[in-house]
Amino acid sequence: MITALKNIDITIKDNVVTCIMGPNGAGKTTLLKTIAKITSYDGSIYIDGKELREYPLRTISKLISYVSQIEAVDILSLTVKEALLTARYPVSKAFFETYEDLRIVEEVSKMLQINNLLDRRLSELSSGELQRVVLGLGLVKKPKYLLLDEPDNHMDLNYKARLIEWIRDWRRFSNILLTTHDIMFGTDVGEYFIILDRGTPVFIGDKDDLLKHYTILEKIYGVKIAKISVDGKTRLIPLYEVIS
Ligand SMILES: Nc1ncnc2c1ncn2[C@@H]1O[C@H](COP(=O)(O)OP(=O)(O)OP(=O)(O)O)[C@@H](O)[C@H]1O
């Protein structure tokens, strides 16, 4: 058995966007998959006061959405509308789709600007379009916990900026945990941070604290990072210069 994570003791705060960052192979995806009960684990994970192992998968699929583009591959032949309705199954009140299911699919697809793509097959979409659909698959359940694995993948600049606004809005109904490789995006949207390096947290704390200790990021990525102030807001910008 491979141990992808070790010495992790984390409490995720309610109604706060938690951002997990760290180099390739650091364990970000493993952490999200473990919380979503996809990956087995030693130790304990408590969700709403109950150990994760005690929850039936059916309850977990109502409570948690794990969103990752890779997980969408097996449904590529469905249309966008079919895929979104299928993603509602765990929380739908009936065997056939209800008015409520259709209403939520419409609401989510309008917000993500995929309402013009509803009759297209997933296999025919551009990567950025598919990424917005994949976010929709997680959102239509309106889960209490929304786990977003690299939600900014394939997003152009405009959609990345929108995604930050959308995530802030989704916080109204979901507790959000996300991973990203973009430290500018991450430090903009995130409010609480878990920085992983080789399976172990090297930083856990809020934004102000991370901005103070941003050299931790330089150290784990081995790349120079600039800390600048724009319009009174502190930003971290990777300079893509390897620190030797
Ligand atoms: N199913 C698996 N079986 C064995 N090892 C795995 C499995 N999934 C991940 N790993 C290993 O666990 C470690 C953490 O992987 P993980 O996918 O969580 O990293 P990550 O931080 O999400 O990386 P990336 O930024 O590259 O997506 C890696 O060394 C990886 O090779």
Side-chain angles (χ1 to χ4, degrees), residues 5 8-23 26-36 45-49 63-68 108 111-112 131-132 134-136 138-139 141-153 155 157-197 200-221 225-238:
L5 294 168
I8 292 214
D9 185 357
I10 305 166
T11 304
I12 304 297
K13 298 178 178 185
D14 275 347
N15 306 314
V16 163
V17 178
T18 300
C19 175
I20 305 162
M21 295 194 285
K28 303 178 296 296
T29 296
T30 306
L31 181 55
L32 289 193
K33 283 186 166 175
T34 308
I35 297 168
I45 297 176
Y46 285 91
I47 294 182
D48 297 345
L63 205 58
I64 299 178
S65 281
Y66 169 71
V67 175
S68 157
V108 167
M111 182 192 37
L112 293 169
Q131 183 63 19
R132 299 207 301 285
V134 168
L135 291 170
L139 270 181
K141 285 197 290 181
K142 298 268 170 106
K144 183 165 179 194
Y145 297 94
L146 184 57
L147 313 184
L148 305 173
D149 204 353
E150 298 185 31
D152 53 323
N153 254 348
M155 294 283 195
L157 288 182
N158 185 279
Y159 276 117
K160 226 176 218 200
R162 284 174 196 270
L163 180 60
I164 291 173
E165 290 176 3
W166 293 340
I167 288 174
R168 288 192 185 127
D169 183 46
W170 302 340
R171 207 175 41 161
R172 283 183 298 116
F173 56 86
S174 277
N175 296 299
I176 299 172
L177 268 86
L178 64 89
T179 72
T180 183
H181 278 295
D182 182 337
I183 61 167
M184 228 177 137
F185 170 80
T187 49
D188 199 325
V189 75
E191 297 165 296
Y192 191 68
F193 294 84
I194 300 166
I195 311 298
L196 294 176
D197 189 24
T200 305
V202 291
F203 175 91
I204 299 175
D206 62 22
K207 187 178 319 204
D208 285 348
D209 214 15
L210 179 63
L211 293 175
K212 258 185 232 151
H213 297 99
Y214 76 100
T215 51
I216 289 172
L217 295 170
E218 284 190 323
K219 199 168 158 200
I220 59 167
Y221 285 107
I225 293 169
K227 182 162 109 170
I228 60 162
S229 180
V230 182
D231 298 335
K233 205 165 160 181
T234 305
R235 307 271 190 186
L236 297 183
I237 302 179

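Here the structure is a predicted model, which means the values were calculated and not measured. The chain is numbered in sequence order, starting from 1.
- Under the salt bridge (Lys or Arg N to Asp or Glu O under 4.0 Å) criterion, Asp208 pairs with no residue, sequence neighbours left out.
- One finds the OG atom of Ser68 at 8.5 Å from the CG atom of Asn153 (value rounded to the nearest 0.5 Å).
- For the pair Lys227 (side chain) and Thr234 (backbone), a donor-acceptor distance under 3.5 Å is absent.
- In terms of the side-chain contact (heavy atoms from CB on, under 4.5 Å) criterion, Lys219 has no residue partners (sequence neighbours excluded).
- Atoms OH and CD1, on Tyr145 and Ile35 in that order, are 10.5 Å from each other to the nearest 0.5 Å.
- For the salt bridge (Lys or Arg N to Asp or Glu O under 4.0 Å) test, residues two or more places apart in sequence or in another chain that qualify with Lys33 are Glu71.
- Remark: Glu191 engages Arg171 in a salt bridge, criterion side-chain N to carboxylate O under 4.0 Å.
- Summarising the geometry, atom OH belonging to Tyr66 is positioned 9.5 Å from atom OG1 belonging to Thr34; distances are rounded to the nearest 0.5 Å.
- Remark: Pro23 engages Ala26, Asp197, Ile220, Tyr221 in a side-chain contact (heavy atoms from CB on, under 4.5 Å) (not counting sequence neighbours).
- Evaluated for a side chain to side chain contact (heavy atoms under 4.5 Å, CB included) with Leu135, the options Leu148, Val108, Ile167 yield exactly one hit, Leu148.
- The CG atom of Asn175 sits 5.5 Å away from the CG atom of Asn15 when rounded to the nearest 0.5 Å.
- Listed by chain and number, the residues in a side-chain hydrogen bond (donor to acceptor under 3.5 Å, both in side chains) with Lys144 are Asp48 (sequence neighbours excluded).
- For the atom pair CD1 of Ile10 and CD1 of Ile20, the computed distance is 7.0 Å after rounding to the nearest 0.5 Å.
- Pro151 places a side-chain heavy atom less than 4.5 Å from the side chain of Leu163.
- Looking only at side-chain heavy atoms (C-beta outward), Tyr214 and Leu211 stay at 4.5 Å or farther from each other.
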Can you give each donor-acceptor pair under 3.5 Å made by side-chain atoms of residues 176-186, sequence neighbours left out, with the distance rounded to 0.1 Å?
residue, atom, partner, partner atom, Å
Thr179, OG1, Asp149, OD1, 2.7
Thr179, OG1, Glu150, N, 2.9
Thr180, OG1, Asp152, OD1, 3.2
Thr180, OG1, Asp152, OD2, 2.9
Thr180, OG1, Asp182, N, 3.0
Asp182, OD1, Met184, N, 2.9
Asp182, OD1, Phe185, N, 3.0
Asp182, OD2, Lys160, NZ, 2.6

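- Put simply, the side chain of Asp206 never gets that close to the backbone of Tyr192: no donor and acceptor are under 3.5 Å apart.
- Applying the side chain to side chain contact (heavy atoms under 4.5 Å, CB included) test between Phe193 and each of Ile216, Leu217, Leu210, Ile204 identifies Leu210 as the sole match.
- Residues Val202 and Thr200 have side chains not in contact (no heavy-atom distance under 4.5 Å, counting atoms from C-beta outward).
- In this structure, Leu5 and Gly27 approach most closely via the heavy-atom pair CD2-O, 3.5 Å.
- Residue pairs meeting the salt bridge (Lys or Arg N to Asp or Glu O under 4.0 Å) criterion with at least one member in residues 161-170, sequence neighbours excluded: Arg168-Asp188, Asp169-Arg172.
- Not counting sequence neighbours, Lys212 has no partner by the salt bridge (Lys or Arg N to Asp or Glu O under 4.0 Å) test.
- No donor-acceptor pair closer than 3.5 Å links the side chain of Lys28 to the backbone N or O of Leu196.
- Taking OG from Ser174 and CG from Leu63, the interatomic distance works out to 9.5 Å, rounded to the nearest 0.5 Å.
- Lys142 is linked by a salt bridge (Lys or Arg N to Asp or Glu O under 4.0 Å) to Glu107, counting only residues two or more places apart in sequence or in another chain.
- Residues Pro201 and Ile8 approach most closely at CD-CG1, 3.7 Å, considering heavy atoms.
- By the neighbour-count criterion of 12 heavy atoms within 6.0 Å, atom CG of Leu157 is sparsely surrounded, having that number or fewer from other residues, nucleotides or ligands.
- For Lys141, the side-chain contact (heavy atoms from CB on, under 4.5 Å) criterion is met by Ser61, Ser65, Pro90, Val91, Pro143, not counting sequence neighbours.
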